[in-house]
J.: 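Before I ask anything, here is the structure I am working with.
Here is how names work: the chains are called A, B, and so on, in the same order as the sequence lines, proteins then strands, and each is numbered from 1. Values reported hereafter were calculated over all heavy atoms of this structure, with side chains retained and with hydrogens, waters and symmetry mates removed.
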There are 2 protein chains.
Amino acid sequence: MKIEPIQLIKNNHLKNTAARVAILEFLQKNSEPVDVLEIMNYLKKKDLKTNLTTVYRVLDSFLTVGLVKKLELHEGKYRYELSSLKHHHHLVCQNCGKIEDIENCSLETLEEKITKRSEFLIKHHSLEFYGLCKDCRK
Amino acid sequence: MKIEPIQLIKNNHLKNTAARVAILEFLQKNSEPVDVLEIMNYLKKKDLKTNLTTVYRVLDSFLTVGLVKKLELHEGKYRYELSSLKHHHHLVCQNCGKIEDIENCSLETLEEKITKRSEFLIKHHSLEFYGLCKDCRK
DNA sequence: TTACATGCAAATGTTTTGCAAGGTT
DNA sequence: AACCTTGCAAAACATTTGCATGTAA
């Protein structure tokens with residue numbers, strides 16, 4: 001079911017490089033969105049001597065072809081996840097930082113209403129819930 | 001209907017300073033969320049020689065007492081708006097950057113479902129729609 | 001060979017921090 | 001007087017850019 005990184009790269013007409021393959025691998029491994037430092041650490045562990053700049057540029061190329069989504073969870077930095085994941089939203093714990101997914105999204109009808117009313121053409125939305133996860137509620 | 005800045009400050013047990021009053025004034029003037037540079041420009045225009053650091057700290061004090069909300073609209077910086085505004089969400093134009101409000105929010109039932117299912121205690125949510133505004137659709 | 005990708009260093013933009021001085025209650 | 005707020009300079013982060021070099025197709 002999971003498509004091989006190399007295949008994903010070819011399908012999107014990108015050049016096949018070690019950094020791209022490894023970053024896709026890492027994204028596939030993680031069900032939750034990752035940041036650039038987490039990616040860097042993974043690359044180091046795999047003994048790929050890479051550069052932060054490269055990570056940003058690889059993510060940018062993935063963004064351009066639509067392979068990944070860029071998220072902002074009020075942390076002062078961005079996170080990235082595969083866009084092939086089923087459409088979902090996030091529960092962000094304000095205490096421990098844990099991020100959970102929720103798959104239920106009933107915003108389509110709301111989007112239609114908005115478009116009719118305001119003539120704003122909605123391309124996508126971001127919906128995040130902030131609070132305390134099960135553990136941090138105590 | 002609109003409460004005077006000085007009154008808001010007193011009600012929240014903050015010290016009454018020129019920067020705080022002016023920043024509240026500015027927030028009251030703006031229906032859309034503002035960033036720190038826009039605040040700085042307003043202060044300069046009013047001949048209050050203020051410092052960016054002060055702006056951040058004033059906003060922080062407002063945040064602490066709950067006077068303002070801090071928003072992230074995928075711009076690489078934060079925006080702020082009065083939290084006394086009626087609960088609403090934003091339409092962010094990806095072409096011209098214009099921000100519009102939408103007041104219709106039917107997420108309460110969704111929140112209840114999520115809390116039951118995941119035991120995650122939701123404190124608040126952020127919902128933004130990205131796309132093209134009426135003018136930029138052409 | 002050609003166009004694109006990478007590494008390094010330096011720059012940029014936003015937000016934060018330390019510390020001394022000033023203002024509010 | 002006591003405590004909070006401000007100003008300035010410097011630091012801390014995340015992200016971007018320029019340019020020379022390397023590499024996939």
J.: Could you state the CG-P distance from A:Leu59 to D:dT15, rounded to the nearest angstrom?
T.: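 One finds 10 Å between P of D:dT15 and CG of A:Leu59, rounded.
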J.: Roughly how far, to the nearest 0.5 Å, is CG of A:Leu67 from CG of A:Leu59?
T.: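 A:Leu59 atom CG to A:Leu67 atom CG measures 10.5 Å (nearest 0.5 Å).
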J.: Restricting to non-hydrogen atoms, name the atom on A:Gln28 and the atom on A:Ile3 that form the minimum distance, rounded to 0.1 Å.
T.: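 Scanning both residues completely, I find the closest heavy atoms to be NE2-O, 2.8 Å.
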J.: Can you tell me how far C1' of C:dG13 sits from CG of B:Leu37, to the nearest Å?
T.: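 Result: 10 Å.
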J.: Would you mind classifying the nucleic acid contact of B:Ser61 as base, sugar-phosphate or nothing, using non-hydrogen atoms under 4.0 angstrom?
T.: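 No contact.
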J.: Distance check, rounded to the nearest 0.5 Å: B:Leu43 atom CG versus B:Leu52 atom CG?
T.: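 With rounding to 0.5 Å, CG (B:Leu43) is 9.5 Å from CG (B:Leu52).
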J.: Could you state the atom-to-atom distance from CD of A:Glu75 to C1' of D:dT15 in whole Å?
T.: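 The distance from CD of A:Glu75 to C1' of D:dT15 comes to 16 Å, rounded to the nearest Å.
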J.: Would you mind writing out the side-chain donor-acceptor pairs for residues 32-41 of chain A within the sub-3.5 Å range, not counting sequence neighbours?
T.:
unit_1  : atom_1 : unit_2  : atom_2 : d
A:Asp35 : OD1    : A:Leu37 : N      : 3.1
A:Asp35 : OD1    : A:Glu38 : N      : 2.8
A:Asp35 : OD2    : A:Lys77 : NZ     : 2.8
A:Glu38 : OE1    : A:Asp35 : N      : 3.0
A:Glu38 : OE1    : A:Arg79 : NH1    : 3.4
A:Asn41 : ND2    : A:Leu37 : O      : 3.4

J.: Using whole Å, what does the distance between atom P of nucleotide C:dT14 and atom CG of B:Leu73 come to?
T.: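 Roughly 15 Å, once rounded to whole Å.
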J.: Please examine the side chains of B:Leu24 and B:Leu82, heavy atoms only from C-beta on, and report whether any two atoms are closer than 4.5 Å.
T.: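 Yes. Closest side-chain heavy atoms under 4.5 Å.
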J.: Rounding to an integer number of Å, can you tell me how far A:Ile39 CD1 sits from D:dT15 C1'?
T.: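 In whole Å, D:dT15 C1' lies 13 Å from A:Ile39 CD1.
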J.: Encode nucleotides 15-25 of chain C as B, S and - characters from 5' to 3', where the letter depends on protein heavy atoms closer than 4.0 Å: B to the base, S only to sugar-phosphate, - to neither.
T.: BBBB----BBS
J.: In whole Å, what is the span from the CD1 atom of A:Ile9 to the C1' atom of D:dA25?
T.: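 Going from A:Ile9 (CD1) to D:dA25 (C1'), I get 14 Å.
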J.: A:Lys49 NZ to D:dG22 C1': how many Å, rounded?
T.: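 One finds 10 Å between C1' of D:dG22 and NZ of A:Lys49, rounded.
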J.: Just do the side chain to side chain contact (heavy atoms under 4.5 Å, CB included) check on B:His13 and B:Val65 with the steps written out, would you?
T.: CA-CA 9 Å; B:His13 311 293; B:Val65 299; over 6 Å; no
J.: In this structure, how many angstroms lie between the C1' atom of D:dA14 and the CD atom of A:Glu72, rounded?
T.: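 Value for this atom pair: 11 Å.
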